[in-house]
There are 2 protein chains.
Amino acid sequence: MKDEKTEDQILDAAEKVFQRKGMDGARMQEIANEAGINKAMLHYYYRSKRFLFEAVFSKAFSLIAPEINRVINEDIPLFEKIRKFTHSYIDFIQKHPYLPNFIIQELNRDQDFMNVLQKKKGFPDFRNFRSQVEQEVHEGNIRPIKAEQLFIHLLSLNIFPFLAAPLFKGFLNIDDNCYKELMEERKEEITNMIINYLEIKE
Amino acid sequence: MKDEKTEDQILDAAEKVFQRKGMDGARMQEIANEAGINKAMLHYYYRSKRFLFEAVFSKAFSLIAPEINRVINEDIPLFEKIRKFTHSYIDFIQKHPYLPNFIIQELNRDQDFMNVLQKKKGFPDFRNFRSQVEQEVHEGNIRPIKAEQLFIHLLSLNIFPFLAAPLFKGFLNIDDNCYKELMEERKEEITNMIINYLEIKE
DNA sequence: ACCTTAGTTAACCATATGGTTAAACCATTA
DNA sequence: TAATGGTTTAACCATATGGTTAACTAAGGT
């Protein structure tokens, strides 16, 4: 009759510590302290630091991947899709500010992780989006563009400003609140830019 | 009559290791091995891991900052500036692929670093760019846009695809060469998108 | 009441790691 | 050639760290 209390507490604590400090910077003892639980329990439930880390990473990825997948594969017009993605993604990240940096960082540290992730269900499927874009181009509704490039534009404009927040705050010399307002504005800013680019003018 | 041979060898080795593994993942012994030099020498010349790291980080930043600064503050028309920045930045990063991730990562790890950097000479100055954009908007040459947003667009579109290369390769399911071609195409792709957005249509 | 078993703890272990030191090396110079 | 002083090395040190263990606790079942 085990209740998952301890196991979950550990995962929650590990999430906080790993996402703030990364695999290399995190300490098992710190995770134990954060959870208010004996360090041996981390090994009892998760065996090793690496396994615990993978549990955290998988959970993080399976939180963010559907967020991308959902909108990208919805059966709605392209322009609406772009607007919806931007709005919901920015809202999502405001709630999980450590996530993008965590994912990007660890994916760069261990390139093999991507191979593991690709095999999991729920991994974003790009094909639907590609054919939608190709269709629109073919019908002459939008300017010729590779779906890949559009996809990269979309994610870059949405994700990078959060990743590079410290950098931009420094460059632009603005404070946290001011930056947050900029991010809010970007929902429409990004949408407009992309749509404006895709639209064919007379 | 000291020649700087050893000191430089250490810095070069430290650069490689720190940029690949980050502050926490790097080992002093590994840096020593990479340099083919006794570990004690690292402390002899750089005192501690932290100081050595800061030397590497400062050098990295002082490599990339002028790259941004130079084009952004050049006295040329805005559209030309955007094209030039994109082309030269992408070329630059192809030569230093570890740089963006290194900078972003360590800036997120230690927010204080930005304060130190801001005080150094050569730190990018955004004001010139801002007034240029404001001027163009005022004269009705481009659509109304905050200079900050344009700046964020520009950097996001240019930098993120390199940071998130493993992610995109996974999502799009393409190999290294194919991805490199996409990056090459982006020089014009990004330029066109931004300029197209800024241009006022009838 | 006693046994079993999952859960929990404090103490412990082996190793990795940043850092130090004392002695050796070697080129310059008095 | 002997003294000087910057440079280099191997050995060493203290501590941090991931991981293990043996004993203890408590709940459920008999």
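Letters A, B, ... are given to chains in the order of the sequence lines, protein chains preceding strands, and every chain is numbered from 1. Any value given below was found using the heavy atoms of this structure, including those in side chains, with hydrogens, waters and symmetry copies removed.
Partners of A/Glu181 by salt bridge (charged side-chain N to carboxylate O under 4.0 Å, His left out), not counting sequence neighbours: none found. The salt bridge (charged side-chain N to carboxylate O under 4.0 Å, His left out) check on B/Glu189 picks up nothing, with sequence neighbours excluded. Partners of B/Arg130 by salt bridge (charged side-chain N to carboxylate O under 4.0 Å, His left out), not counting sequence neighbours, listed by chain and number: B/Glu148. For A/Asp8, the side chain to side chain contact (heavy atoms under 4.5 Å, CB included) partners at least two apart in sequence or on another chain are A/Glu4. B/Phe92 meets the ring pair (Phe, Tyr, Trp, His ring centres under 6.0 Å) test with B/His96; sequence neighbours excluded.
Of the residues in residues 49-56 of chain B, none lies under 4.0 Å from DNA chain D by heavy-atom distance. Contacts between residues 23-31 of chain A and DNA chain D, defined by a heavy-atom separation below 4.0 Å, involve A/Ala26, A/Arg27, A/Met28, listed by number. For the contact set between residues 35-43 of chain A and DNA chain C, defined by any heavy atom under 4.0 Å, the members are A/Asn38, A/Ala40, A/Met41.
With no hydrogens or angles considered, no side-chain donor-acceptor pair links A/Asn192 and A/Asn196 at under 3.5 Å. A side-chain donor from one of B/Lys81 and B/Gln132 sits under 3.5 Å from a side-chain acceptor of the other.
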For a quick test of your reading: what N or O donor-acceptor pairs under 3.5 Å do the side chains of residues 53-66 of chain A make, sequence neighbours left out?
unit_1	atom_1	unit_2	atom_2	d
A/Glu54	OE2	A/Arg50	NH1	2.9
A/Ser58	OG	A/Glu54	O	3.0
A/Ser58	OG	A/Lys120	NZ	2.6
A/Lys59	NZ	A/Glu15	OE1	2.9
A/Ser62	OG	A/Ser58	O	3.1
A/Ser62	OG	A/Lys59	O	3.0

For residues 162-174 of chain A, run the donor-acceptor check on the side chains, cut-off 3.5 Å, and write out each pair with its distance to 0.1 Å, sequence neighbours left out.
unit_1	atom_1	unit_2	atom_2	d
A/Lys169	NZ	A/Asp176	OD1	3.4

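Applying the ring-ring contact (aromatic ring centres under 6.0 Å, His included) definition to pairs two or more places apart or across chains, those involving residues 62-88 of chain B are B/Phe85-B/Tyr89.
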Next item on the list: I would like to know whether B/Glu199 and B/Arg143 meet salt bridge (Lys or Arg N to Asp or Glu O under 4.0 Å); could you show each step before the answer?
Entry: CA-CA 6 Å; B/Glu199 272 172 351; B/Arg143 77 160 54 212; over 6 Å; no
Worksheet item: Going through the checks in order, is the salt bridge (Lys or Arg N to Asp or Glu O under 4.0 Å) test met by B/Glu80 and B/Arg83?
Response: CA-CA 5 Å; B/Glu80 192 184 328; B/Arg83 162 163 284 111; over 6 Å; no
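Under 4.0 angstrom from either OP1 or OP2 of D/dT8 there lies at least one side-chain N or O belonging to B/Thr6.
Atoms CZ (A/Arg47) and C1' (C/dG7) sit 19 Å apart, rounded to a whole Å. Rounding to whole angstrom units, OH of residue B/Tyr44 and C1' of C/dC25 are separated by 13 Å. Spacing between atom OH of B/Tyr46 and atom C1' of C/dG19 amounts to 17 Å, rounded to whole angstrom units. Atom CD of A/Gln9 and atom C1' of C/dG7 are 13 Å apart (whole Å). Whole-Å rounding puts the B/Tyr45 OH to D/dG6 P distance at 11 Å. Summarising the geometry, the separation between NZ on B/Lys21 and P on C/dG18 is reported as 12 Å, rounded to the nearest angstrom.
Between A/Lys146 and B/Glu185 there is a salt bridge, since at least one side-chain N of the basic residue sits less than 4.0 Å from a carboxylate O of the acidic one.
For the helix from C/dA1-D/dT30 to C/dA30-D/dT1, the angle separating the two terminal helix axes comes to 20°, with each axis derived from five pairs and the value rounded to 10°.
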